[in-house]
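A short worksheet on the structure shown next.
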There are 2 protein chains.
Amino acid sequence: MRLNDLDERIVHALAEDARRTYADIGSRVGLSAPAVKRRVDRLRATGAITGFTVRVDPAALGWNTEGFIEIYCGRNTSPEVIHRSLDRMPEVVAASTVTGEADAIAQVFAADMRHFEQVLERIAGEPYVERTKSVLVLSPLLRRHSSGAPG
Amino acid sequence: MRLNDLDERIVHALAEDARRTYADIGSRVGLSAPAVKRRVDRLRATGAITGFTVRVDPAALGWNTEGFIEIYCGRNTSPEVIHRSLDRMPEVVAASTVTGEADAIAQVFAADMRHFEQVLERIAGEPYVERTKSVLVLSPLLRRHSSGAPG
DNA sequence: GATGAAAGCTTTCCGTG
DNA sequence: CACGGAAAGCTTTCATC
C-alpha cells in the first residue's frame with residue numbers, strides 16, 4: 001500500500017507524539033478530527049500503522065548494555081528457525097537476516113556485561129548456530145523514530 | 001532513576017499500546033486513572049519515558065531497502081562529529097559508536113537500492129570517514145518495542 | 001469530508017489513609 | 001506521599017448531510 005501526502009503528515013504527527021488528539025493532528029494537517037480518525041483507522045486496517053508504543057530511556061529500565069550479535073548459521077538454516085529461536089529471548093529487540101559474511105544480526109539489550117554474555121552464550125548454544133561475533137555499543141549517537149517519506 | 005514494579009507494568013502496558021486510556025491501564029495494574037496519570041507524568045518528567053510514537057510498516061512508507069553501514073573513521077574523530085554528520089541524513093534512523101573494527105554503525109532505511117547507494121556515498125564522502133562496509137537486510141525477523149525489565 | 005450530539009476520557013481538586 | 005472519588009472540560013465516536 002502507498003500512502004498519500006495527507007496520510008504521511010498524519011503518520012509524521014503521530015511519530016512525534018502518538019498520544020496527540022485527533023483534533024490536534026487535524027489542525028496540523030487541515031482536517032477535522034473524525035476525518036483524521038477514519039484515516040488512522042484505515043492505516044491500521046491496511047497494516048501501514050502496526051501500533052503505538054512508548055519510547056523509554058533503556059537505562060531507566062535497567063538495560064545498561066547494548067550490542068549487536070552477528071550470527072553465523074549451519075547450512076540450510078531457514079529464517080523461520082532463527083526467528084523462533086530469537087523470539088524466545090526477551091533481550092533480543094530486533095533481528096534480521098543479512099547479506100555478507102554473517103547470516104543474521106541480532107540487536108540485544110542486557111542489564112550489564114554479565115547478562116550480555118549470558119545472552120551471547122544462549123544464542124551460541126542454539127543448535128543451528130555455528131559461531132557468533134559480537135559488537136558492543138559504546139554510545140548511542142542517535143535513535144530516530146522513522147517518521148517521513150523516502151527522499 | 002529506578003522504576004518500581006507498578007511503573008514497569010504501566011510502561012509495559014504503554015509499550016503494547018501507547019494510546020490506551022489511563023482507566024484501561026489502571027484496571028490492568030490495579031490503580032485508578034488519576035494514579036496512573038500521575039505516575040506517567042512523573043516518568044516523563046524524570047526522563048524514563050521519552051515520548052510516544054507510532055509503529056509503522058516501513059514498506060508502507062516506501063522504505064523498501066534496509067541496511068547497516070559500518071563506518072571506519074580517521075584518527076581523533078569524536079562521537080560528536082559523527083553525530084552531527086549522520087543527524088543530517090534522514091535515512092539514518094539509528095547510529096552508535098561501537099567496539100570492534102568499525103568505529104560506528106548506522107542503520108539506514110532507503111527507498112530502493114539506488115537510494116541506499118546514494119546514502120552510502122554521502123556517508124563515505126564525509127571528511128572524517130576513511131571507509132565503510134555495508135550489510136543489507138534480507139528479511140526482518142523481529143522488531144520488538146522493548147517493554148520489560150531485564151532478567 | 002464536515003457537523004453536531006451522546007458517550008467516554010482526561011485532568012484537576014480535595015479528602016483520606 | 002500516594003491514592004481514590006467526583007466534577008468540569010475535552011475527545012472520541014457515530015449518525016447524518
Side-chain angles (χ1 to χ4, degrees), chain A residues 1-64 111 145-150, chain B residues 1-62 144-150:
Chain A
M1 174 194 174
R2 195 73 187 87
L3 279 64
N4 71 17
D5 181 60
L6 229 34
D7 289 329
E8 267 169 16
R9 287 162 67 196
I10 291 171
V11 169
H12 183 82
L14 286 169
E16 283 179 357
D17 180 1
R19 284 186 76 91
R20 273 211 248 266
T21 66
Y22 294 129
D24 181 302
I25 298 165
S27 74
R28 286 161 198 272
V29 306
L31 241 47
S32 69
V36 173
K37 182 192 186 304
R38 273 195 297 267
R39 281 173 178 264
V40 172
D41 286 347
R42 186 167 52 86
L43 291 168
R44 297 195 70 160
T46 58
I49 288 178
T50 59
F52 300 97
T53 193
V54 63
R55 277 184 279 139
V56 297
D57 174 8
L61 284 169
W63 305 95
N64 294 301
H145 16 296
S146 74
S147 58
Chain B
M1 176 197 174
R2 195 74 188 89
L3 278 65
N4 70 19
D5 181 59
L6 230 32
D7 289 329
E8 268 168 18
R9 287 164 67 197
I10 291 171
V11 169
H12 183 81
L14 286 168
E16 282 178 359
D17 181 0
R19 284 187 75 91
R20 272 210 248 267
T21 66
Y22 293 129
D24 182 303
I25 298 165
S27 75
R28 286 162 198 271
V29 307
L31 241 46
S32 67
V36 173
K37 182 192 182 318
R38 273 192 296 263
R39 280 172 180 266
V40 172
D41 286 347
R42 200 189 58 207
L43 291 168
R44 296 195 71 160
T46 59
I49 288 178
T50 59
F52 301 97
T53 193
V54 63
R55 276 183 282 137
V56 167
D57 174 10
L61 284 168
R144 246 193 284 268
H145 18 298
S146 74
S147 58

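Order of the sequence lines fixes the chain letters, A, B, ..., with proteins taken first and strands second; residue numbering starts at 1 for each chain.
Judged by distance alone, the side chains of A:His12 and A:Glu8 never bring a donor and an acceptor atom under 3.5 Å apart.
The minimum heavy-atom distance linking B:Val36 with B:Gly26 is given by the pair CG2-CA, 3.5 Å.
Between B:Leu31 and B:Arg38 there is no side-chain heavy-atom pair separated by less than 4.5 Å.
In this structure, A:Arg42 atom CZ and C:dG1 atom C1' are separated by 13 Å, rounded to whole Å. When the C1' atom of D:dC3 is taken as reference, atom CG of B:Asn4 falls 14 Å away, rounded to whole Å.
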Exercise. Can you give one letter per nucleotide of nucleotides 5-17 of chain D, going 5' to 3': B for a protein heavy atom under 4.0 Å from the base, S for sugar-phosphate only, - for none?
Worked result: BB----SSBB---
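Comparing the start and finish of the helix from C:dG1-D:dC17 to C:dG17-D:dC1, five pairs each, the helix axis swings through 30°, to the nearest 10 degrees.
Atom CZ of residue B:Arg55 and atom CG of residue B:Asp17 lie 8.0 Å apart, to the nearest 0.5 angstrom. Summarising the geometry, atom CG belonging to B:Asn4 is positioned 10.0 Å from atom CZ belonging to B:Arg9; distances are rounded to the nearest 0.5 Å. Atoms CZ and CZ, on B:Arg19 and A:Arg44 in that order, are 9.0 Å from each other to the nearest 0.5 Å. Here the CZ-CD1 distance, from A:Arg42 to A:Ile10, works out to 8.5 Å after rounding to the nearest 0.5 Å.
In terms of modelled atom types and a separation under 3.5 Å, the side chain of A:Thr50 and the main chain of B:Asp57 share no donor-acceptor contact.
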